[in-house]
Student: 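Input: one structure, supplied below.
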Amino acid sequence: MTIKPVRKAVFPVAGLGTRFLPATKAMPKEMLTVVDKPLIQYAVEEALEAGIEQIIFVTGRNKSAIEDHFDIAYELEDTMRARGKSLAAIDGIRMEPGSPVYIRQQEPLGLGHAVWCAREIVGDEPFAVLLPDELMVGGCLRQMVDAYARVGGNIVAALEVPAEETHKYGVIAPGAEDGRLVGIEALVEKPAQGSAPSNLMIPGRYILQPEVMRILDAKQTGAGGEIQLTDAMAQLIGKQPFHGFRFTGDRHDCGDKAGYIQANLALALARDDLAPQVRDFARALLA
Ligand code: UTP
């Protein structure tokens, strides 16, 4: 089996972010900041660090702030330069001309549909999918790419969550364990409470083979009436290698308010320039 390298990453950012209203009424959820960086930048940096060469955003209306964020900010840069201010904070965000690629989903019909919208750009190669509202600390995609180099096929990140949370996620029915890799017998999207096959869910990082696009062509709807990526992936089980990967590092669910606040606290406490102040302030608040 030849294992083709993963060069492309799809970032579905066309969701409406209803759980974060009113913040997301006019601003994309992916531009919410954790400490001083928008969520989307954390995810793009994770992908670049994993060796991804082409960034593909699947966007919708109201998402132009994302495009601006990765472009030249001419007026800002010029004024900062004229005032002798350092551009270090925005260095490295701007991409090469012609990159990233932006595609419109037009209607938020589900994560599977968003991924399918990238089919022409993905072409006949394996690709990664990163959901930017899941903030990963510790290079989750890099670890997955390393595992992929060994086993190929399809790999999804896998994370244990408490049983009462499984109904919110895509859940894995696990098979044989091989170190951090776990075989996948079945996948279920948002199982009804009490019916999940395990506590092992998929926290928004995927390496997929292009055949999944042919399954998504059928535009079958699943949980919530949406075209679900999980359902399309489930159809590849048994036809192609399919593994879960228990990554090391922290995951913050920033699509959820409590998870988002936790991410801000955790990342601020990990920064030397902020930790002492934040620690004092948090202690005082809790007292
Ligand atoms: P979510 O399930 O978090 O949906 O999508 P959402 O719309 O962003 O947020 P809520 O639930 O209304 O608060 C998971 C990921 O899939 C993308 C979202 O942008 C997010 O990154 N997505 C979802 C799309 O790009 N298109 C869709 O049709 C649905």
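Computed from a predicted model, the values in this text were never measured in an experiment. Whatever order the structure lists them in is the order used to number ligands and atoms, beginning at 1.
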Student: List every atom of ligand 1 that sits less than 4.0 Å from any heavy atom of D133, numbering the atoms from 1 in the order shown and giving each element.
Tutor: 3 (O)
Student: Starting from atom 28 (O) of ligand 1, locate the nearest protein heavy atom and write down its residue, its atom name and how far away it is, to 0.1 Å.
Tutor: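 Result: G110 N, 2.8 Å.
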Student: Can you tell me the protein heavy atom closest to atom 13 (O) of ligand 1 and the distance?
Tutor: R19 N, 2.6 Å
Student: To which protein heavy atom is atom 14 (C) of ligand 1 closest, and what is the distance rounded to 0.1 Å?
Tutor: L131 CD1, 4.1 Å
Student: Among all protein non-hydrogen atoms, which one is nearest to atom 7 (O) of ligand 1, and what is the separation to 0.1 Å?
Tutor: L16 N, 2.8 Å
Student: To which protein heavy atom is atom 16 (O) of ligand 1 closest, and what is the distance rounded to 0.1 Å?
Tutor: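 Of the protein heavy atoms, L111 CD1, 3.6 Å lies nearest.
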Student: Give the atoms of ligand 1, by number and element, whose distance to some non-hydrogen atom of L109 is under 4.0 Å.
Tutor: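 What qualifies from ligand 1 is 28 (O).
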Student: How does T18 reach ligand 1, if at all, at less than 4.0 Å between non-hydrogen atoms: by side chain, backbone, both, or neither?
Tutor: both
Student: Who's the nearest protein heavy-atom neighbour of atom 24 (C) of ligand 1, and how far?
Tutor: G15 N, 3.4 Å
Student: Using a distance threshold of 4.0 Å (strictly less than), state whether atom 5 (O) of ligand 1 has a protein heavy-atom neighbour.
Tutor: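 No, there is no protein heavy atom closer to it than 4.0 Å.
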Student: Roughly how far, to the nearest 0.5 Å, is CG of L16 from CZ of R61?
Tutor: 9.0 Å
Student: When you check the side-chain N and O atoms of E134 and H252, is any donor under 3.5 Å from an acceptor?
Tutor: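 Looking only at side-chain atoms, H252 and E134 do not form any donor-acceptor pair under 3.5 Å.
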Student: Is a side-chain N or O of N264 found less than 3.5 angstrom from the main chain of Y260, in a donor-acceptor match?
Tutor: yes
Student: Taking atom CG of D71 and atom OG of S64, what is their separation to the nearest 0.5 Å?
Tutor: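 Atom-to-atom, D71:CG and S64:OG are 11.5 Å apart.
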Student: With a cut-off of under 6.0 Å to the ring centre and 45° to the axis, is K63 in cation-pi contact with F57?
Tutor: no
Student: What I want to find out is whether E46 reaches R205 closely enough, with some N-O distance under 4.0 Å, to be called a salt bridge.
Tutor: yes
Student: What I want to know is whether A14 and ligand 1 share at least one N or O pair that is separated by under 3.5 angstrom.
Tutor: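 Yes: some nitrogen or oxygen of A14 is under 3.5 Å from one in ligand 1.
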Student: Closer than 3.5 angstrom, by distance alone: can the side chain of Q143 be matched with the main-chain N or O of T248 as a donor-acceptor pair?
Tutor: yes
Student: List the steps, then state whether side-chain hydrogen bond (donor to acceptor under 3.5 Å, both in side chains) holds for Q240 with N154.
Tutor: CA-CA 7 Å; Q240 294 184 340; N154 303 273; 2.8 Å; yes
Student: Between ligand 1 and P12, is the shortest N or O to N or O distance under 3.5 Å?
Tutor: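 Such a contact does occur with ligand 1.
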Student: Applying a heavy-atom cut-off of 4.0 Å, say which part of T24 lies close to ligand 1: side chain, backbone, both or neither.
Tutor: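 No part of T24 comes within reach of ligand 1.
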Student: Say whether, by atom type as modelled, one donor and one acceptor occur between the side chain of K85 and the main chain of R81 under 3.5 angstrom.
Tutor: no
Student: Can you name the atoms of ligand 1, numbered from 1 with element, that are less than 4.0 Å from a heavy atom of A114?
Tutor: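 That gives atoms 24 (C), 25 (O), 26 (N) of ligand 1.
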Student: Suppose I only count heavy atoms of Q105 and a 4.0 Å limit; which atoms of ligand 1 are within that range?
Tutor: 24 (C), 25 (O), 26 (N), 27 (C), 28 (O)
Student: Let me confirm one number: the CE-OG distance from M80 to S86, rounded to the nearest 0.5 Å.
Tutor: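 Answer rounded to 0.5 Å: 6.5 Å.
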Student: Out of all atoms in ligand 1, which are within 4.0 Å of some heavy atom of E30? Include the element for each.
Tutor: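 Counting from 1, the qualifying ligand atoms are 19 (O).
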Student: Under 4.0 Å, heavy-atom basis, I'd like to know which part of K29 is in contact with ligand 1: side chain, backbone, both or neither.
Tutor: side chain
Student: So that I can tick it off, tell me whether R271 and D36 are bridged by a salt bridge, with the cut-off set at under 4.0 angstrom between side-chain N and carboxylate O.
Tutor: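 Yes, this pair counts.
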